[in-house]
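All ligand and atom numbering here is 1-based and tracks the order in the structure. A quick note: this is a predicted structure, and the numbers were derived from the prediction, not measured. Position 1 is the first residue of the sequence; numbering continues from there.
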Amino acid sequence: MEALSLARLRSEGKPAVARALSLLERRPGAPETLALLDDSWRQAGGQVGGLTGPPGVGKSTLAGRLVALWRQQGRSVAVVAVDPSSRRSGGALLGDRIRLMTGTEDAGLFVRSMAARDRLGGLAALTWTAVVLLRAVFDVVLVETVGVGQSETDVAEAVDTVVFCVQPGGGDALQFMKAGIAEIPDVAVVTKADLGPLAERARRDLSTALSLDVRVDGWVVPVLAVSAQDRIGLGELDAAIVRHAAWLGDGGRREARRRLQALRWIEQVVREGFGRQGLERLPPLSLPDDASPFSLLAETIPRLAAG
Ligand SMILES: Nc1nc2c(ncn2[C@@H]2O[C@H](COP(=O)(O)OP(=O)(O)O)[C@@H](O)[C@H]2O)c(=O)[nH]1
Ligand SMILES: [Mg+2]
């Protein structure tokens, strides 16, 4: 079969994209995979958003609404549901829900779920390469994680804009401060705003929690209330995401963020393949403007393997 190129993914659409993603999973080190990822890295036009927050907070429902909105705007969309538990159900459910909300056969919408890998850390690493590929093909990529443990920081290391979701009455704002992840969200959302005063109170708590820390990057996190059910605040959320994208576009912030993610990804892959000792032997990494992290890793691995 002819090699999968970005041009082919764009012209053949979803079936070719699905084949490319399974290539990433099955043959991550193959020359064909490397070529595809190098090209994707250099043609990274798409915006990448991430939805994170505890299970049940309303992420999938909100994802469905956002996707419908973006499709109405004429933007092509890829959705990735990341489920660190071994069940595939979460992602499949998301797919069903989104298809229900947007119509069954939409060539401009690609939905894919990723379940746990056997090895620790493997899922996050795979998610990132999938995101790199998808953002070269689609206008928007949305990643939904099942909010347990590591996944908040994992999603921050794969996307441009992290939308952090809490629900009314959950005491989440407090937990969130305790967890010390105030640097993670780029946009904060209280879901289920149709629940009334409880939602407004949660929004105030979250605003207060976030204002206690001035972020080093200088971005002021908008705190919004939305209801996916009653379609409240969706336009405002979209506008906040667009504003963050514009902010990232200023002074090369997006490229800097993506380069940092790339270096983290290399470290992750090295840790997975060579353990802690491998990491310690890793030479200091930097990624020049025109370099691809995939080629950098491919050059680094034989050196580590040689010891
Ligand atoms: N009242 C209300 N319920 C919602 C809203 N959005 C989602 N839900 C409900 O919350 C539950 C969990 O939603 P889901 O999207 O699966 O959450 P996820 O686990 O974060 O993906 C479901 O029963 C939804 O029907 C909303 O805007 N208002
Ligand atoms: Mg969900």
Checklist entry - How does Ser60 reach ligand 1, if at all, at less than 4.0 Å between non-hydrogen atoms: by side chain, backbone, both, or neither? => result both

Next on the checklist: Measuring from non-hydrogen atoms of Gln167 to any atom of ligand 1, is the shortest distance under 4.0 Å?
Outcome noted: no

Checklist entry - Any salt bridge (Lys or Arg N to Asp or Glu O under 4.0 Å) pairs touching residues 283-296, not counting sequence neighbours? => result Arg259-Asp289

Checklist entry - Does the pair Arg112/Glu25 count as a salt bridge with the N-to-O cut at 4.0 Å? => result yes

Checklist entry - Between Lys192, Glu144, Arg231, which one has a non-hydrogen atom sitting closest to atom 9 (C) of ligand 1? => result Lys192

Checklist entry - Can you tell me if Asp194 has a non-hydrogen atom under 4.0 Å from ligand 1? => result yes

Item to check | the Mg ion (ligand 2) to nearest N/O/S of Thr61 below 2.8 Å | outcome: no

Item to check | Check: Ser227 side chain, Lys192 main-chain N or O, donor-acceptor pair, under 3.5 Å | outcome: no

Checklist outcome for this item: Trp265 meets the ring-ring contact (aromatic ring centres under 6.0 Å, His included) criterion, sequence neighbours left out, with Trp128, Phe294

Checklist entry - Going by atom types only, do Asp139 and Gln73 share a side-chain donor-acceptor pair under 3.5 Å? => result no

Next on the checklist: With respect to Leu195, determine whether any N or O atom, backbone or side chain, lies less than 3.5 Å from an N or O atom of ligand 1.
Outcome noted: no

Next on the checklist: Given the Mg ion (ligand 2) as the apex, I'd like the angle to OG of Ser60 and OE2 of Glu144, rounded to 10 degrees.
Outcome noted: 80°

Next on the checklist: Do the side chains of Arg258 and Glu255 get close enough for a salt bridge, i.e. N-O under 4.0 angstrom?
Outcome noted: no

